[in-house]
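Since the structure comes first, as structure tokens, the remarks are kept for the end.
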Amino acid sequence: MIVLGIESSCDECSAALVQDGRQILSNVIATQIPFHAPWGGVVPEIASRKHAEWISSVVNEAFQRASLPLEAADGVAVTSQPGLMGSLLVGLSFAKAFAWARRVPFTACDHMLAHLYASRLDMPGIQTPPPYPFLALLVSGGHTLICRVEDFRTMTVLGTTVDDAAGEAFDKVSKHYGWGYPGGKHIDEYARTGNAAAFAFPVPKLHHGSPYDVSYSGLKTAAIHQCEFFRKQAETTAADLAASFQKAAIDVLIRALLNAVQDTGITTIVTGGGVAANSYLRSCLAAQQNVSCIFPAPELCGDNAAMVAGLGFEYLSRGIYTPFSVTANPRRAFRLS
Ligand code: KG4
Ligand code: ZN
């Protein structure tokens with residue numbers, strides 16, 4: 001079964017064709033980053049307008065790159081939540097129209113479940129998908145979730161952020177210092193040559209709520225406004241600051257995740273979302289004893305339609321279709337089907 005996937009929840013306009021939920025035939029990702037970079041963040045009005053301008057040619061390109069005609073799509077899967085309302089509506093409306101016109105089944109997908117699915121797609125060097133249940137670390141610009149995953153569509157959120165999302169903290173610190181947008185990639189690069197002990201930023205300890213919750217607002221404020229207070233050496237560079245911030249931001253996630261491993265006894269962790277591309281996060285998790293970590297290929301960590309098509313296959317191949325009355329939802333609301 002070949003599924004056309006469409007993703008337009010934020011600032012990537014993407015369409016992909018995926019066979020049997022695993023084999024990527026094409027995955028076109030048209031990024032809007034240059035249009036949002038001057039503002040240091042995604043401007044929702046620009047995002048939805050660009051999606052409306054691009055969606056048709058992005059979908060056509062996905063068929064061209066796969067050397068397939070439109071008739072080859074056996075079903076359509078699209079992100080309907082969570083995300084920017086105007087942006088979601090462009091992809092969702094296009095996907096409904098495509099499925100209706102071609103008389104193929106249609107399913108709406110949750111963006112975070114799709115991120116989770118990225119590590120199940122066939123990529124060179126990627127292992128066979130792990131059996132359920134497992135733990136998931138889903139970290140993006142808008143979400144920070146530690147979950148127990150039962151199957152392709154059932155996950156229980158064990159912990160989350162009580163304030164900013166992990167990617168948001170990277171983006172805000174990077175924006176403040178003028179390192180570039182989106183910030184995660186730039187901080188990751190700067191940090192490679194920096195000394196992570198140059199600043200001793202506090203790893204927040206939460207005394208209320210879940211032992212798997214994290215917080216970023218204190219760290220963000222410390223890195224932006226209280227650097228002098230946490231400085232441990234006389235001379236420091238931007239690379240030192242980036243490395244120290246990155247270490248504190250990732251260590252807090254790893255601590256919460258390891259709490260979940262200890263309490264649930266589940267030792268397989270699947271990661272997803274843009275922050276899962278972070279090299280320090282990947283090396284720290286890979287070095288953990290007695291824990292098996294699965295990372296999507298770096299190019300599948302950010303927003304892309306292949307992960308949506310892959311997840312869509314799980315629904316469509318079981319005959320689970322979404323009615324055309326479904327609408328977009330800026331927040332996560334279960335269940336879709
Ligand atoms: O999943 P994603 O592409 O979009 C959302 O659904 O939000 O995630 C984007 C986020 C941004 O905040 C970006 O700064 C962050 O992922 N990111 C990274 C890295 N690459 C992207 N954060 C840390 N290290 C990276 N290498
Ligand atoms: Zn995302």
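Note that this is a predicted model, so its numbers are computed, not measured. Ligands are counted one by one from 1 in listed order, and the atoms in each one are counted from 1 as well.
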- Can you tell me, to 10 degrees, how wide the angle at the Zn ion (ligand 2) is between NE2 on His115 and OD1 on Asp303? 90°

- Go through the side-chain N and O atoms of Asn27 and Glu299 and say whether any donor and acceptor fall under 3.5 Å apart. no

- Query: Between the main-chain N or O of Val291 and the side-chain N or O of Thr267, is there a donor-acceptor pair closer than 3.5 Å?
  - Reply: no

- Query: Checking Arg103 against Trp100: charged group under 6.0 Å from the ring centre and within 45 degrees of the axis?
  - Reply: yes

- Item | His111 near the Zn ion (ligand 2) via N/O/S, less than 2.8 Å | yes

- Message: Can you confirm if the aromatic rings of Trp54 and Phe35 lie within a centre distance of less than 6.0 Å?
- Response: yes

- Query: Looking at Arg192 and Asp188, does any basic side-chain N land under 4.0 Å from a carboxylate oxygen?
  - Reply: yes

Are any protein N/O atoms closer than 3.5 Å to the N/O atoms of ligand 1? If there are, list each pair with names and the distance to one decimal place.
from: ligand 1; atom 1: 1 (O); to: His115; atom 2: NE2; distance (Å): 3.0
from: ligand 1; atom 1: 1 (O); to: Gly274; atom 2: N; distance (Å): 3.0
from: ligand 1; atom 1: 1 (O); to: Asp303; atom 2: OD1; distance (Å): 3.3
from: ligand 1; atom 1: 3 (O); to: Asp303; atom 2: N; distance (Å): 3.2
from: ligand 1; atom 1: 4 (O); to: Asp303; atom 2: OD1; distance (Å): 3.3
from: ligand 1; atom 1: 4 (O); to: Asp303; atom 2: OD2; distance (Å): 3.3
from: ligand 1; atom 1: 6 (O); to: His111; atom 2: NE2; distance (Å): 3.2
from: ligand 1; atom 1: 6 (O); to: Asp303; atom 2: OD1; distance (Å): 3.3
from: ligand 1; atom 1: 7 (O); to: Gly141; atom 2: N; distance (Å): 2.8
from: ligand 1; atom 1: 12 (O); to: Gly167; atom 2: O; distance (Å): 3.2
from: ligand 1; atom 1: 12 (O); to: Asp171; atom 2: OD1; distance (Å): 3.3
from: ligand 1; atom 1: 12 (O); to: Asp171; atom 2: OD2; distance (Å): 2.7
from: ligand 1; atom 1: 14 (O); to: Asp171; atom 2: OD1; distance (Å): 2.6
from: ligand 1; atom 1: 14 (O); to: Gly184; atom 2: N; distance (Å): 2.9
from: ligand 1; atom 1: 20 (N); to: Gly274; atom 2: O; distance (Å): 3.4
from: ligand 1; atom 1: 24 (N); to: Gly184; atom 2: O; distance (Å): 3.4
from: ligand 1; atom 1: 24 (N); to: Asn278; atom 2: ND2; distance (Å): 3.0
from: ligand 1; atom 1: 26 (N); to: Asp188; atom 2: OD2; distance (Å): 2.8

- Task: Start with the C-alpha distance between Tyr315 and Phe152, add both sets of side-chain angles, then the distance that settles ring-ring contact (aromatic ring centres under 6.0 Å, His included), and finish with yes or no.
- Result: CA-CA 9 Å; Tyr315 290 101; Phe152 70 94; 5.1 Å; yes

- Query: Are Phe199 and Phe230 close enough that their ring centres sit under 6.0 Å apart?
  - Reply: no

